[in-house]
Structure formats: structure tokens, C-alpha cells
There are 2 protein chains.
Amino acid sequence: MTARKAINLKMLSETLGLSQTTVSRALNGFPEVAEKTRARVVEAAERLNYRPSPSAASLATGKSRMIGHVVSLSEHIMINPHFADFIAGAGEIYGENGYDILLRLASLEEQERIYRDLVDDQRVDGVVVHGPLTGDSRIGILNALGVPFVVHGRSDEEGADYCWMDVNNRRAFHRATKFLLDLGHQRIALINGLETMNFADRRRQGYESALEEAGIALDARLLHSSDMVEPYGYHATRTLMDLPEPPTAIVVASVLPAMGVTRALADLGLRAGADVSVIAFDDCLSFLQSGSKSGFGGRVPDIPYFTAVRSSIREAGKRVAQMLLERIDKPHGPLQSELWEADFVIGQTTAPPRQR
Amino acid sequence: MTARKAINLKMLSETLGLSQTTVSRALNGFPEVAEKTRARVVEAAERLNYRPSPSAASLATGKSRMIGHVVSLSEHIMINPHFADFIAGAGEIYGENGYDILLRLASLEEQERIYRDLVDDQRVDGVVVHGPLTGDSRIGILNALGVPFVVHGRSDEEGADYCWMDVNNRRAFHRATKFLLDLGHQRIALINGLETMNFADRRRQGYESALEEAGIALDARLLHSSDMVEPYGYHATRTLMDLPEPPTAIVVASVLPAMGVTRALADLGLRAGADVSVIAFDDCLSFLQSGSKSGFGGRVPDIPYFTAVRSSIREAGKRVAQMLLERIDKPHGPLQSELWEADFVIGQTTAPPRQR
DNA sequence: TTGTAGGCGTTATCAT
DNA sequence: ATGATAACGCCTACAA
């Protein structure tokens with residue numbers, strides 16, 4: 001039976017016969033307090049279930065122990081499942097370090113103002129930028145505000161003036177495209193994400209450079225760009241396969257539209273792999289994995305279905321959170337960024353092109 | 001160019017030549033302040049970009065204008081995409097009302113303590129309970145704490161002592177099963193969620209009661225229960241179809257495992273609809289919809305693929321948020337709960353059983 | 001209708 | 001090594 005009702009610093013210090021100052025110092029690990037005293041204080045605080053009031057502490061220090069995540073879950077609905085996995089990773093790190101997430105949903109246009117308010121009001125100690133565009137205005141604002149922040153992805157070519165963590169999208173898509181070329185494919189389509197998003201832009205560059213190196217001309221009819229939902233993959237594939245010369249292979253920016261690709265092919269009596277090769281970018285979304293809790297997981301090892309370039313968005317969430325906490329810890333340290341290479345995994349959806 | 005640097009109540013009142021009290025009252029809509037004064041104050045506040053400090057306000061009032069959402073995004077990974085859509089709906093309502101989300105990730109065992117701390121520390125004004133189990137201990141705790149809360153789903157049969165919003169899972173699954181029976185199916189499998197979850201329990205009851213009414217004995221081999229991820233649907237289906245007498249129809253608790261069902265059938269050279277009927281519970285997850293931004297949406301109307309019982313989890317999020325804010329507004333009003341009926345939509349995955 | 005003064009629970013400065 | 005005391009910025013009796 002531990003004590004329940006809230007206790008404050010004043011009560012605690014009176015109980016101990018010490019001043020609030022000393023108790024506060026003992027609890028916050030100041031060096032000048034006697035070890036013996038500290039031990040007494042810590043023990044009593046534990047026993048009486050003392051926890052400092054966050055709003056009082058925040059008022060006094062200006063720190064909130066909150067991390068702001070501002071996202072537009074309604075606009076680019078494709079990010080929803082990605083967001084959940086990212087936040088699952090980040091939240092794990094925050095939890096271990098006594099931070100909480102302040103989540104705000106807002107359209108992209110509102111986000112500048114929101115970041116500003118969040119920082120001015122001292123509601124957050126740091127901020128994560130989701131879904132950066134090429135030339136994203138949020139980054140300039142955050143730099144001007146002087147708040148610690150990390151961008152998940154990148155905004156520009158240079159990008160030496162902010163802290164980011166990104167996957168090497170260009171190389172990943174170059175590699176996927178090159179793999180299909182090496183198998184003998186000549187007509188390769190790209191079902192990309194929205195190309196205002198910087199990551200989609202880079203993916204396209206990777207795809208294009210691989211084709212160029214192989215001396216294959218780009219064909220605009222083979223390029224699609226949209227929000228990465230399942231029906232988009234479906235309709236894009238139907239459109240592609242209706243072409244006079246349909247593609248023999250498709251590179252898809254996410255497993256979500258890739259599922260739509262599979263469905264469209266099935267409707268046409270075709271199979272991914274045998275009839276049309278498909279490579280997807282795989283974020284290792286949890287609901288597509290057979291985790292240890294999923295009943296069959298572990299017992300039945302899954303052969304990956306899609307041939308894919310793969311990078312766990314959940315691990316990205318963890319790493320971004322770590323980087324941000326480090327930055328909050330020393331806001332004036334050097335800017336450090338990270339570029340991850342995606343894995344390449346061969347599944348069941350790629351093969352040499354059919355003879356015709 | 002509006003003023004930038006933070007301004008506080010003291011400065012604002014000095015600028016106006018009024019006391020802090022009057023300014024505060026004017027801004028907070030107290031009735032006794034003269035309309036003329038109020039107009040002056042409001043105008044100046046606007047112009048000088050005054051916003052009250054949240055931590056100071058919180059310290060003074062005990063209110064934080066934050067809503068606590070505690071979720072276990074790692075344990076039951078199936079909830080991830082569902083969670084994102086739910087929070088997208090809820091966040092919209094919060095935003096309109098000046099509330100923010102405090103998001104904390106934690107295992108189910110930790111959640112009791114976390115709710116307690118969140119409330120004791122006055123970090124949140126209200127709380128949402130996600131994924132209630134049958135006989136969920138969190139509800140008792142929250143009632144004891146006296147904090148406004150709404151449960152998304154239900155915990156018990158009675159449940160008159162807390163505020164909830166739920167879909168009529170029992171009726172939905174009764175209806176789906178009955179529909180298959182009416183088509184002539186006799187061997188109907190259930191690929192359910194984890195039955196420690198109350199919603200899964202109710203779904204099973206609906207399924208069972210329909211079979212009982214039709215005089216069909218339950219067959220444990222036709223029942224699966226696990227975390228609702230895609231590979232689970234796949235493996236469960238493979239197992240089912242390996243039975244000496246495989247089912248001719250399957251009811252699936254979510255479109256996520258339902259995608260796995262489709263994939264498994266395809267691997268066996270079977271098609272959902274023609275060979276095996278499939279009905280799924282559809283939460284209208286955004287990444288499976290063709291929204292207006294998805295490039296093809298609107299132009300190409302989608303015929304629903306799955307025959308489904310359907311209820312938008314995003315709308316549920318909105319409604320839960322509204323109910324919670326109402327409850328925060330009047331904490332001692334009568335407890336009001338809501339039960340929604342799921343829609344029934346006929347897609348391409350149901351047909352009378354094949355003759356054998 | 002407006003103002004004065006005290007309190008909310010910390011942290012931080014300056015003595016001792 | 002410890003203790004008074006003053007911020008932090010707002011709200012709210014109570015007084016006028």
C-alpha cells in the first residue's frame with residue numbers, strides 16, 4: 001500500500017525537516033548536497049510517492065519534457081499506417097527518457113504557425129518534422145525559432161543546416177530498377193508517391209538514372225505519382241496494362257499500392273512474378289509482418305512475398321527520437337545527420353520478362 | 001508584420017492601463033466586464049499576439065487542455081493502422097476545440113499506473129481508453145480517479161457506469177454469418193481477433209448465435225483467434241483449406257487479415273467469391289479508400305471488393321472525442337453512451353457455395 | 001465594473 | 001551543505 005494523494009515539495013520538505021531548496025536539489029542531482037541527506041530525501045520521496053508538478057516545473061524552467069509531432073493525417077492519408085509505426089518506434093525512446101508526445105493534427109499550411117506557437121508557448125522542448133517537401137518552409141522557421149528539431153527525411157540537396165535522418169531513396173530505387181533491367185526488362189513502370197514529397201522525388205531520380213544508364217528513354221505513360229493508397233496501385237496498374245505496350249515490370253513506392261497492383265493483376269488473370277515483375281519499397285509495416293504474437297509467427301517462417309527494397313520505418317522512428325533527445329541535451333553541438341541504406345530482398349514477384 | 005516576441009499578461013495590462021484581473025476576465029469571457037473594455041482588450045491581445053502561457057494557466061487552474069491517449073502500439077500491432085485513423089478523427093475534433101493530444105506508448109500492464117500519474121499530475125483533462133478487454137481494470141481506476149473518460153468499445157455486459165462508444169459487433173457478425181447461411185453455406189469459418197479483446201468476444205458471439213439458430217454445430221477447427229495482421233489471415237486460411245472438410249465461407253474480423261485470406265486463396269488457385277466466400281469487417285481504413293486526393297478517386301468509382309460489415313473507425317474517433325469534450329464540460333452530467341450499427345455492403349467476395 | 005493581493009508548485013539566486 | 005526569498009505567469013477570492 002503506497003501513499004496515494006498528491007504530495008508537493010512543501011509537504012515533503014516539512015516532513016523531512018529540510019528546506020524546499022535542499023529537497024529540490026537532492027532530487028535533481030545537484031552536486032553540493034550531502035550524500036546522506038540525498039539518500040534520506042530520495043527514500044522519502046519514493047515512499048510518499050512524490051512527483052513534481054509538471055506545470056509548476058515547466059513554469060519555472062521553461063522546459064516541458066514534451067516532443068511536438070505535427071502531422072496531417074487527413075491530407076496525405078497514405079501516411080497514416082506509416083505514421084503509426086514511426087511513432088511506435090519514437091514513443092518507445094521517449095518513454096525510456098521521460099518524454100511524452102504532444103500530437104497535433106493540422107494541414108500543411110497551418111503547420112508553420114503551429115510550430116511557432118508550440119515553441120513560443122514553451123509547450124515542447126523539441127520537434128519532429130514529418131513528410132518534408134523539397135524546399136520545405138518549416139525548416140527555416142524552426143531554425144529561426146532556435147528549437148531543437150530533427151527532420152524525418154530531407155528537404156534539399158545541401159541540407160547541411162539542419163538535422164535529418166533519411167533512407168537513401170535514390171540508391172534504393174536505382175538498385176531496384178537496375179535489378180529489373182539486369183533480368184532483361186525493358187519497359188519498367190514507376191508507381192511513385194506524390195512527387196511534391198522530397199522522398200518521392202529522390203525515388204524517381206533513382207529510377208530515371210538507372211534507365212538512363214541502360215540507354216532506355218523515359219516514357220511518361222509509365223510514370224504515375226499520387227498518394228500511396230491501395231486503390232491507387234490498383235487503378236494505376238489497370239491503366240498501365242491497358243497501354244499498347246504495357247510494362248513487363250513495375251517499381252512501386254510502397255507495399256500499400258503494391259497490394260493494389262497485385263489485385264489489379266489478378267483481375268487481369270495475371271500473376272505478379274510470373275507475368276509482370278513487381279518490386280516494392282517496404283517500410284516493414286507491422287501489420288504486414290508476422291510478429292511473434294500473431295499466432296503463426298515464428299512457427300511458419302514467411303518467404304517474403306514482394307521483392308523489395310526495405311527499411312524499417314519503426315527503427316527510423318527510434319533513431320530520430322534518439323537524435324532529437326541528444327540535440328535537446330546539447331542544443332549547440334554539431335549538427336549530425338544519418339543516411340541509411342535500404343536492404344534489398346528477393347521475393348516471389350520478380351522474374352525475367354515473358355517471351356512474347 | 002505582427003508582433004513576434006512573447007508578451008505576457010502583465011505587459012498587456014500595462015499597455016492597456018488596466019489591471020491584470022480585468023484583462024484576464026475580458027479575455028476569458030467573464031460577464032461583468034464592460035463590452036467596450038472587452039473590445040479594447042481583445043483587439044490589443046490580437047494585435048500584440050498575446051497568448052496565455054499554458055504552464056502558468058495550468059498551474060493556476062489545474063486544467064491542461066490535453067487529452068491523454070495511452071496505447072500499446074508494440075504489443076497488439078494490429079491496432080497500428082486502426083489507431084492512426086481513429087486519432088485522425090479524434091484529433092480533428094480536439095483541434096477545433098483547443099485541445100491537444102498527449103500520446104503515451106505503454107504495455108497494457110503499465111497503463112493503470114500511467115493513467116493514475118497522468119491524472120494525479122494534472123497533465124490531462126480527460127482520457128480515452130483504447131482496446132478494452134472484457135473486465136478491464138483500467139475502467140475502475142479511472143472511475144476512482146474521477147477523471148472524465150470515454151471508452152472506445154466496451155468492457156462488460158452491463159457497462160452502465162462508464163461512458164463508451166461502440167459498434168454493435170455482435171449484430172454485425174450475426175448478420176454476416178446469417179447472410180452466408182442464407183446463401184447456402186454450411187461450413188463457415190471465423191478468423192477472429194484476439195478474444196481477450198472484448199470486441200472480438202462479441203464478434204464471436206454473433207457468429208455463434210447465427211450458427212446455432214441455423215442448427216449448425218460449432219467446429220473448433222473453423223475458429224481462429226489472433227492479432228489481426230495480414231500474415232495471420234494468410235496462415236489461418238492455409239490451415240483451414242487443408243482441413244478434410246474445408247470451409248466454403250470465411251468471416252474475417254478485419255480487412256487486414258482478409259488481404260491475407262485473399263493471398264492464400266490465390267496461392268491455392270482459388271478466388272474469393274467464386275470459390276470461397278469471404279466477408280470482412282471493414283473499418284474504412286483510409287489507406288484502403290480511394291480518397292479524393294488519390295489521383296483516381298472520384299473519377300473511377302470503386303466497386304467494393306470485399307463484402308463487408310462496415311463502420312468507419314475515423315468517425316468513431318470523432319464521436320469519442322466529442323463525447324469526451326462534452327463530459328469534460330459537464331463532468332457530473334448523466335453518463336451517455338452510443339452503440340452504432342455497422343453497414344452491410346455486398347461486394348465481390350460472396351456467392352452461393354460451389355456444388356461439389 | 002474594476003482593482004488588490006494571494007496562491008498554484010517549482011526552480012534559482014544569493015546569503016549564510 | 002543548507003536556507004530564505006524571489007521569480008515563473010496566470011487565475012480568483014475579496015475588496016472597493
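Computed from heavy atoms alone, side chains included, the values below leave out hydrogens, waters and symmetry copies. In what follows, chains are A, B, ... by sequence order, proteins preceding strands, each numbered from 1. Just so it is clear, the model here is predicted, and its values are computed rather than measured.
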Give every residue pair that meets the salt bridge (charged side-chain N to carboxylate O under 4.0 Å, His left out) criterion with at least one member in residues 12-31 of chain A, sequence neighbours excluded. A:Arg25-A:Glu32
What is the 5' to 3' range of DNA chain C, first to last nucleotide, that sits under 4.0 Å from any heavy atom of chain B? C:dT1 to C:dG9
For residues 133-153 of chain B, which residue pairs pass the salt bridge (charged side-chain N to carboxylate O under 4.0 Å, His left out) check, not counting sequence neighbours? B:Asp136-B:Arg138
Please enumerate all residues that pass salt bridge (charged side-chain N to carboxylate O under 4.0 Å, His left out) together with B:Arg123, with sequence neighbours excluded. A:Asp100
Where at least one partner belongs to residues 14-41 of chain B, residue pairs that pass ring-ring contact (aromatic ring centres under 6.0 Å, His included), sequence neighbours excluded: none
With sequence neighbours left out, write down each residue that passes side-chain hydrogen bond (donor to acceptor under 3.5 Å, both in side chains) with B:His69, or none if nothing qualifies. B:Tyr94, B:His130
Can you pull out the residues from residues 36-43 of chain A that lie within a 4.0 Å heavy-atom distance of DNA chain C? none
The bend of the helix from C:dT1-D:dA16 to C:dT16-D:dA1, taken between the axes of its five terminal pairs at each end and rounded to 10°, is 40°
Who are the salt bridge (charged side-chain N to carboxylate O under 4.0 Å, His left out) partners of A:Asp329, not counting sequence neighbours? none
For A:Glu43, the salt bridge (charged side-chain N to carboxylate O under 4.0 Å, His left out) test, sequence neighbours excluded, returns A:Arg47
Close residues, residues 53-66 of chain A, relative to DNA chain D [heavy-atom separation under 4.0 Å]: A:Leu59, A:Ala60
Of all residues at least two apart in sequence or in a different chain, which pass the salt bridge (charged side-chain N to carboxylate O under 4.0 Å, His left out) check with A:Asp166? A:Arg154
